[in-house]
Amino acid sequence: MRAVVCRELGPPSLLVVEDRPDPKPGPGTVVVVVEAAGVNYVDALFIEGRYQIKPALPFTPGSEIAGTVTAVGPGVDTVAVGDRVLASTGLGGFATHAVVPAGSLFAVPESLDGPRAATFTQSYCTALFALRERGGLAAGETVLVLGGGGGVGLATVDVAVALGANVIAAASSAAKRAAAVEAGAFAVIDTAGEDLKVRARELAGGSGVDVVLDPVGGQLAEPALRALGDGGRYLVIGFASGTIPSLPLNQVLLRNRAVVGVDWGAWAMGHPDAQASLMTELLAMAGAGRLDPVAPATFGLGGVAEALGSLTGRRAVGKVALVP
Ligand SMILES: NC(=O)c1ccc[n+]([C@@H]2O[C@H](COP(=O)([O-])OP(=O)(O)OC[C@H]3O[C@@H](n4cnc5c(N)ncnc54)[C@H](OP(=O)(O)O)[C@@H]3O)[C@@H](O)[C@H]2O)c1
């Protein structure tokens, strides 16, 4: 097998691609030949040693995969050789083969090809968990999605539209705004040139938006908070801009707004049954055509530094995947 290996912590340029012995499945696990692996911000944090979990060196990054089961270990009766599956791996996904616990696998609906399936879990689970479980989104409400052309952003546009919401996407480039419109946003805001608060309120009919979903942080946060109407909810997802914003609490008090933290990863680990239900629901929606994930940009294993750089360099439109 071939695998991307992190031998020393640092920038993606230090990653190497190496030959490794083909893996064999242990009890309760399967070997998956990887069709595609999702590339996420968290992978960049892992290899730079900036994530809260610090794996021992050397390690293979890669936290989500899709592929085909080629061998099953003792005691596995829930999947069989030949099944197309996707899984959250935490680590080990940037490789031609991965060993995965059988209990963590989900069947891939026919509507999702390898790259779409591999990049589905983190972005779509975050979107649905945030909008519905944390944000209490109702059909007919208006959602403002910051970073609306990014990975979480485009998934959120797709999920919010499927839940019957009206979506405004804010993004810095024409390509990202076009992708958000394609995904179902009824309007877009150019964060590089327009006044976010004024434009969002106008687009929401003057009364303000009901929900803000923010994976970006930084200087967009306060105008987005001020764009919320009565009872509006501000969903804190992440800080891709690199700046954790401070928000004036008077703006939370006014109009009975709420600022709500969203930590899907911690929730999923603490509530595995609820997480499995969330995934089953999302995959059923995708299988029925109610969700339509945008095709990710793809790179080979040797393009891992470029793939990670497209995320950290703000160039990626939607998701990014490695296709070994
Ligand atoms: N809380 C959770 O449960 C959870 C779950 C998944 C991900 N996350 C976090 O959410 C954040 C976004 O993830 P993502 O997958 O959507 O990332 P992404 O695809 O890279 O999108 C992030 C967006 O942030 C904006 N941005 C602004 N300044 C940036 C900068 N200096 N570098 C990079 N992007 C910048 C960009 O949009 P514009 O160019 O339009 O500004 C970009 O499209 C990450 O911090 C991730 O760790 C949190």
Side-chain angles (χ1 to χ4, degrees), residues 12 38-48 50-53 61 63-64 88 90 118-135 144-159 168-181 183 185 188-194 196 212-221 223-224 234-245 259-271 275 278 282 293-297 306-321:
V39 180
N40 288 286
Y41 236 85
V42 70
D43 305 315
L45 298 178
F46 265 122
I47 64 163
E48 288 170 15
R50 292 198 292 128
Y51 194 60
Q52 52 262 40
I53 300 165
S63 53
E64 50 184 2
S88 289
T119 54
F120 188 80
T121 304
Q122 290 184 30
S123 55
Y124 275 81
C125 286
T126 301
L128 184 56
F129 176 65
L131 290 174
R132 194 176 62 192
E133 315 306 327
R134 300 295 290 146
L144 169 61
V145 181
L146 306 184
V152 171
L154 277 181
T156 301
V157 174
D158 198 16
V159 171
I168 303 166
S172 68
S173 75
K176 290 178 183 179
R177 293 191 294 277
V181 170
V188 287
I189 299 175
D190 176 1
T191 50
E194 292 184 280
L196 183 70
V212 167
L213 182 130
D214 181 9
V216 182
Q219 60 188 15
L220 296 181
Y234 185 107
L235 304 176
V236 182
I237 304 291
F239 314 103
S241 67
T243 306
I244 299 174
V259 177
V260 182
V262 178
D263 188 347
W264 164 71
W267 174 82
M269 268 201 268
H271 303 81
Q275 165 57 18
L278 193 77
L282 283 163
V294 174
E306 208 185 325
L308 285 163
S310 73
L311 283 183
T312 55
R314 206 176 171 176
R315 296 184 297 282
V317 177
K319 298 294 297 184
V320 176

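All heavy atoms count here, side chains included; hydrogens, waters and symmetry mates do not. Remember, it's 1-based here, ligands and their atoms both numbered in the order they're listed.
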Parallel, tilted or perpendicular: rings of Phe46 and Tyr51 (30°, 60°):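 Taking Phe46 first and then Tyr51, their aromatic rings sit tilted (interplane angle of 30° to 60°).
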
Any side-chain heavy-atom pair of Leu308 and Ile47 under 4.5 Å: yes

Any Arg177 side-chain heavy atom under 4.5 Å of Asp190 side chain: yes

Under 3.5 Å between some N or O of ligand 1 and some N or O of [X]?
X	value
Val262	yes
Lys176	yes
Arg314	yes
Ala316	no
Val152	yes
Ser173	no

Residues which pass side chain to side chain contact (heavy atoms under 4.5 Å, CB included) with Ala175, listed by chain and number, not counting sequence neighbours: Ser173, Val317

Within residues 148-158 or reaching into it, pairs that qualify as side chain to side chain donor-acceptor pair (under 3.5 Å) - sequence neighbours excluded: Tyr124-Asp158

Distance to 0.1 Å, residue and atom name: give those for the protein heavy atom nearest to [atom].
atom	value
atom 30 (C) of ligand 1	Ala240 O, 3.2 Å
atom 46 (C) of ligand 1	Tyr41 CB, 4.1 Å
atom 19 (O) of ligand 1	Gly151 N, 2.7 Å

CD/Glu306: more than 12 non-hydrogen atoms of other groups inside 6.0 Å: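 Check fails, neighbour count at 12 or below.
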
More than 12 heavy atoms from other groups under 6.0 Å of CD on Glu133: yes

Pair Arg132-Leu278, side chain to side chain contact (heavy atoms under 4.5 Å, CB included): steps then yes or no: CA-CA 11 Å; Arg132 194 176 62 192; Leu278 193 77; 4.2 Å; yes

Shortest reach to atom 5 (C) of ligand 1 by a heavy atom, considering only Thr312, Thr119, Thr126: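 Of the listed residues, Thr126 has the closest heavy atom.
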
Looking at [X], which atoms of ligand 1 are within less than 4.0 Å of one of its heavy atoms?
X	result
Gly150	19 (O), 21 (O), 43 (O)
Ala171	40 (O)
Ser172	38 (P), 39 (O), 40 (O), 41 (O)
Phe239	45 (O)

Contact partition for Ile237 relative to ligand 1, non-hydrogen atoms under 4.0 Å: both

Distance-only polar pair, side chains of Trp264 and Gln275, donor-acceptor under 3.5 Å: yes

Any donor-acceptor pair under 3.5 Å from Ser310 side chain to Arg315 backbone: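 Side chain of Ser310 to backbone of Arg315: no pair is present.
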
Sub-4.0 Å heavy-atom approach of Leu311 to ligand 1: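 The answer is yes, since Leu311 has a heavy atom less than 4.0 Å from ligand 1.
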
